[in-house]
There are 2 protein chains.
Amino acid sequence: MPRERKSVNSDVTTADRLIPVAAALFRRLGYGQTSTRELALRLGITSATLYHYINGKDDLLFQICSSALTHIDEAVRKATASAPVEKKIEVAIRSHLICALIDSDSHATMLVEMKALPTERKAAIIRQRDQYEELIRTLIVESQQAGVVRADIDAKYVALALLNLLNWSIFWFDPNGSLSESELADVLSKVFLDGVRASEP
Amino acid sequence: MPRERKSVNSDVTTADRLIPVAAALFRRLGYGQTSTRELALRLGITSATLYHYINGKDDLLFQICSSALTHIDEAVRKATASAPVEKKIEVAIRSHLICALIDSDSHATMLVEMKALPTERKAAIIRQRDQYEELIRTLIVESQQAGVVRADIDAKYVALALLNLLNWSIFWFDPNGSLSESELADVLSKVFLDGVRASEP
DNA sequence: GTCTATACTTCGATAGAC
DNA sequence: GTCTATCGAAGTATAGAC
């Protein structure tokens, strides 16, 4: 029986590297400052070969944005579905952060470079983003109805405050720093749920 | 006595419009996607005339970033200096938001397009940003020492959580929406200081 | 799937007249 | 302070051979 290579194959193909390498460059330089030549150089191919994989530069940005949003929506939806209502927010915070920080190049690019997409594709991404924000809002509403979350602030703004806390973390979190993804989830859960005011002594 | 025009002059010159118009375009399209021709068009001049005011395109981005950071640092520093320690954080939240949301094009551009600056200028802006973040961190430390803010979370992360809350607001706040800048400050102060957990019934 | 070569466009910036 | 005209560089993308 001949030595098989297939799923046991650990080769990383150019196709596999395309999106991660593009996301890293778009994040560091910005979409508009990243040339297809520079991207090809990093991939070890010529810019002509790059066009064997894509139809245009914005294909890359669209795929990055779309898959980032698909992944985080699925992750948070699945994790919160099976959690008891008192734990849904903590579970959402943790699953969101794990997903966004593990692939932070894609998520940072999605959040910041979305605007560079052509009109129709931008609209599609914005619909996806709105759908995810709707998921978060629903979690807040459920928590309010269960008496777990204060109801004196409109769920809409509670949800946006939570997204503030989660989204901007991507831009300063250091995977080699003193805090792990999970520890950051603990910190943000504490701040979001209990606030930073000192309890009475 | 001839009809004088000077400080009573309400003419808006091209020089005055330069930065605001550039900031609005950079925000909507991104720095890399904004051409000097498009900018000149919006100003009602040619791109050649634009170069009477600037030495290069990145002058505009640098001025936007630098003045945004100078203004917010001054505003928050001044407002918090005269506030009692129990009120410093609320005052910081309010003054930060007022400053950032009134000139949201500049602040959004600073936060997101900073990376497009040439190396030295980028370093200068990052120093300015770090100095502002240091101001926020100092306010947290002072509040912890006064027993106003919980001390079981490192001031560094309390400050970053606060900056998350403040910075990302710029990207969804709608000046024509149902919430004013001041009302948003109230909401974020409540969430940050007291958390969203429902109090015992 | 990768290359060389290059077409075509747009960009940032300058020269020099008014 | 504004223009017309234009340069040279860099960009995206394609043609066609291997």
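Numbers restart at 1 for each chain; the letters A, B, ... are given by sequence-line order, proteins then strands.
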Next on the checklist: Need one value for Thr13(B): base, sugar-phosphate or nothing, where a base atom within 4.0 Å counts as base even if backbone is also close, heavy atoms only.
Outcome noted: nothing
Next on the checklist: Check the phosphate of dG12(C) against Thr36(B), side-chain N and O only, distance under 4.0 Å to OP1 or OP2. Yes or no?
Outcome noted: yes
Item to check | Rounded distance in Å - CD (Gln33(A)) to P (dG12(C)) | outcome: 10 Å
Checklist outcome for this item: Between His52(B) and Gly56(A), whichever has its closest DNA chain D nucleotide further toward 5' is His52(B)
Checklist entry - Is there a side-chain contact between Leu111(B) and Phe171(B) (heavy atoms, below 4.5 Å)? => result yes
Checklist entry - Between dG11(D) atom P and Leu39(A) atom CG, what is the distance in whole Å? => result 12 Å
Checklist entry - Leu29(B) has an atom CG; how far is it from atom C1' of dT10(C), in whole Å? => result 15 Å
Item to check | Distance in angstrom units between Arg37(B) CZ and dT4(D) P, rounded | outcome: 13 Å
Next on the checklist: Just to be sure I understand the rule, does Ser35(A) reach a base, reach only the sugar-phosphate, or reach nothing, if contact means heavy atoms closer than 4.0 Å?
Outcome noted: sugar-phosphate
Checklist entry - Do the non-hydrogen side-chain atoms of Asp73(A) and Gln128(A) ever get within less than 4.5 Å of each other? => result no
Checklist outcome for this item: Rounded to whole Å, the CG-C1' distance (Leu50(B) to dA13(C)) equals 10 Å
Next on the checklist: By nearest atom, which of the nucleotides dT4(D), dA13(D), dG12(C) is closest to the Lys57(A) side chain?
Outcome noted: dA13(D)
Checklist entry - Is any side-chain nitrogen or oxygen of Tyr51(A) closer than 4.0 Å to OP1 or OP2 of dA13(D)? => result yes
Next on the checklist: Could you check whether any side-chain heavy atom of Leu184(B) comes within less than 4.5 Å of a side-chain heavy atom of Leu101(B), counting everything from C-beta outward?
Outcome noted: yes
Checklist entry - What's the closest nucleotide to the Thr46(B) side chain, out of dT14(C), dT4(D), dT2(C)? => result dT4(D)
Item to check | Distance, rounded to the nearest Å, where Leu43(A) contributes CG and dT2(C) contributes C1' | outcome: 13 Å
Item to check | Nearest to side-chain heavy atoms of Ala48(A), which nucleotide of dT4(C), dA13(C), dA15(C) | outcome: dT4(C)
Checklist entry - Side chains of His107(B) and Cys99(B): does their closest heavy-atom pair fall under 4.5 Å? => result yes
Item to check | Reference residue Val158(B); test side-chain contact (heavy atoms from CB on, under 4.5 Å); the match among Asp152(B), Ile136(B), Ile153(B), Ile89(B) | outcome: Ile153(B)
